[in-house]
Amino acid sequence: MSEAIAPNEETVNKAWVADWQKIEDEARKDPLAYWAERAAELEWSEPWDQVLDDSNKPFFKWFTGGKTNIVTNAVDRHLKDSRKNKLALIWESEDGKDKRTFSFFALSREVEKMANVLRAMGVVKGDRVTIYLPRIPEVVFAMLACAKIGAVHSVIFAGFSADALSSRIDDSESRVVITADGSWINGSVFPLKQIVDEAVRFSPTVENVIVVRRTGTEITMDPTRDHWYEDLTALPIARGKCPTEQLDAEDPLFILYTSGSTGRPKAILHTHGGYMVGTYTTLKYTFDIHDDDRFWCTADPGWITGHSYLVYGPLLTGATTFLYEGGPTYPYPDRWWQLVEDYGITTFYTAPTAIRALMRFGDAWVNRHDLSSLRLLGTVGEPINPEAWHWFYDVVGKGVAPVMDTWWQTETGMFQIAGVPAMPQKPGSAGRPVFGQEAEIVNDKGEVVPDGTEGLLVLKNPWPAMMRTLYNDDERYVQTYWSTYPGRYLTGDAAKRDSDGYFWIIGRTDDVIKVSGHRLGTAEVESAIASHPAVAETAAIGLPHEVKGNAIHAYVILAPHLTGSRELVEEIRLHVAQHLSPIAKPDEINFVESLPKTRSGKIMRRVLRAEALGEDVGDLSTLDD
Ligand code: WT7
């Protein structure tokens, strides 16, 4: 574990939190007072009666009795002060030819338009709306428009296949789907609308599909169901005020699907009040956001990082958020650095996998740009190896901008382990539990292990932005997160704590694989592979990969009388991309005669992993044959 790097004085002088140890202590002694103070920085149309209602654990409720709306604080609040004409959102297209900017006032207008359209379609409080959009401003408008009228958004990453989209639309029983004619990916068009057509063919709940024009691709429109967004916004119903519905703090804001270790994806449910307080506070303190900041989170709004720290967090703090349509290396590996320079990005938040990928192109791509606007950097999604950390710190941040690693999950909604700029930095460590939180490393009996020992990471305190349940599945919520060590939240990660109280994340302990920071369950990947007609049985595991962190390796037993070939490998990989997502494509496929299983028929992935890595396979007493 490497030496700590002292915080830079200039950064600390500017920071909201300089005396972090004092705040950490106070928040430890009285977390609810700490959260109440943070919540009081925001606007509520009715004050809360109780900060935390824990009478029905683990179904915690926050700020009960309070009324607000996340849009009241992310947008409306800023219209009353000097931020009204300040830029809220800046967007640039993949090819760099289109640029769109929105002041808070303009953003508010756009959100009202979209909200009026949804209302006119009969969407009311509590209805679910599926959003399947590229990284264009409309994805932000759509999320905020749903929130504004109390509808529950379900954003699906616009790289998911028709199968994956369809099962998520059906599970959420969405009435409306918002999509685009296509999206740009490295200069070519990805047919979003066509995928939606396939996905909703058998969805009984979908009444309307709203289509934003983006690529100009020719598409089929079903006149009874599909509407161009630009036609809708030209109608009189789209004009005029749309008041922000005042909701109970505990009213649902969104569901977001994420992978678990078994079975179908889980629908994580977040609510207005607590999520708002949690994302606002953590972004403000960890990234030390001020009014003049231009914050760029490179995540897609289809993941929790995009929800919390691209859309909601920055707008709640009144900062300017930057949205870029494309990826880091198209057309050249300095695309991101060029954008940082062009827009004067001050705070930049990305994933270790992207840093490792860009690092491989060499320093010259970075050095040809003026990155002096950067004052804070951040990472998320997987452990950052010290080599990547140092490259990010030295080459991108010029040894001036601290690197804030942030450990959290779709379920936690907000950072759980992170730093603040005034804390000494330890390259490779995620930092310390955020103010008001406490974390422990335990063994499988639930006993706290000594510092420096690897164990399971658990969280001790409830926190405002915690998920409230799994949508329609309270039992799985309790079972997955709260039943292993009652009273403590099971993260599913292995980690160590050092003697300074810093946490070092090792990785998942369950059948979840983080590939380039994306979360995949072995079960989903295996079912996509097994749906190929040549496959009789399969097992998927994650193996270490230099850039992606982990890569998927699949073992396949072919249907009788078939033999493996290179062509078949490619065919199965493509099949996975089409039936789940390109992210899930296995790097390698091995054709095998049998798979290691327990006597009860469960695949022993740990045996496959140990064999692939040339490690000791350990206890095989449960292995059948
Ligand atoms: C899993 C959650 C919420 C952010 C995006 C991922 C891993 C996340 C870190 C980090 C080491 C990390 C964990 C966690 N993870 N951040 N800073 N250092 N590991 O959210 O898709 O729900 O995945 O990502 O394994 O459990 P997610």
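First listed ligand is number 1; within each ligand, the first listed atom is number 1. Residues take their numbers from the sequence shown, with the count starting at 1. Atom set for the values below is all heavy atoms of this structure, side chains included, hydrogens, waters and symmetry mates excluded.
Proximity of G492 to ligand 1 is not established, as no heavy-atom distance is less than 4.0 Å. Ligand 1 is never approached by A430 to a heavy-atom distance shorter than 4.0 Å.
Close approach to P383 involves these atoms of ligand 1, each under 4.0 Å from a residue heavy atom: 11 (C), 18 (N), 19 (N). Atoms of ligand 1 found under 4.0 Å from any heavy atom of V380, numbered from 1 in the order shown, are 4 (C), 5 (C), 16 (N). Remark: ligand 1 atoms within the under-4.0 Å shell around heavy atoms of I505 are 11 (C), 19 (N). Near T406, meaning under 4.0 Å from one of its heavy atoms, ligand 1 places the atoms 9 (C), 10 (C), 16 (N), 17 (N). Within ligand 1, counting atoms from 1 as listed, the ones closer than 4.0 Å to a heavy atom of K514 are 1 (C), 2 (C), 6 (C), 7 (C), 20 (O), 21 (O), 23 (O), 24 (O), 27 (P). Listed by number with element, the atoms of ligand 1 under 4.0 Å from a non-hydrogen atom of I304 are 3 (C).
Relative orientation of the W408 and F415 rings is perpendicular, given thresholds of 30° and 60° on the angle between their planes. Using the six-membered ring where Trp is involved, W482 and Y489 have ring planes that are perpendicular, over 60° apart on the 30 and 60° scheme. Below 30°, between 30° and 60°, or above 60°: for F322 and W296 the angle between ring planes is above 60°, a perpendicular geometry.
Looking at T491 next to ligand 1, no N or O pair under 3.5 Å apart turns up. Looking at ligand 1, you'll find an N or O of D405 within less than 3.5 Å of one of its N or O atoms.
When hydrogens are left out, the protein atom nearest atom 13 (C) of ligand 1 is D493 OD2, 2.8 Å; that is the closest non-hydrogen contact. Among all non-hydrogen protein atoms, the one lying nearest atom 16 (N) of ligand 1 is G381 N, 3.1 Å. T305 OG1, 3.3 Å is the protein heavy atom nearest to atom 5 (C) of ligand 1. Looking at atom 22 (O) of ligand 1, its nearest protein heavy atom turns out to be T410 OG1, 2.5 Å.
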#### Entry: Steps toward side-chain hydrogen bond (donor to acceptor under 3.5 Å, both in side chains) verdict (T410, Y257)
CA-CA 9 Å; T410 307; Y257 290 88; over 6 Å; no
### Message
What verdict does the side-chain hydrogen bond (donor to acceptor under 3.5 Å, both in side chains) test give for D405 and W389, after you've listed the backbone C-alpha separation in whole Å, the side-chain angles of each residue and the deciding distance to 0.1 Å?
### Response
CA-CA 9 Å; D405 190 8; W389 194 99; over 6 Å; no
### Test side-chain hydrogen bond (donor to acceptor under 3.5 Å, both in side chains) applied to Y393 and Q425, step by step
CA-CA 11 Å; Y393 182 72; Q425 306 247 291; over 6 Å; no
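With R135 contributing its side chain and G326 its backbone, the two residues share a donor-acceptor pair below 3.5 Å.
No option in R264, R468, K266 other than R264 meets the salt bridge (Lys or Arg N to Asp or Glu O under 4.0 Å) test with D473.
In this structure, of Q409, H307, E382, the residue bringing a heavy atom nearest to atom 18 (N) of ligand 1 is E382.
Close placement of the H153 and H307 rings is indicated, their centers lying within 6.0 Å of each other.
Inspection of the T346 and D293 side chains reveals an N or O donor paired with an N or O acceptor under 3.5 Å.
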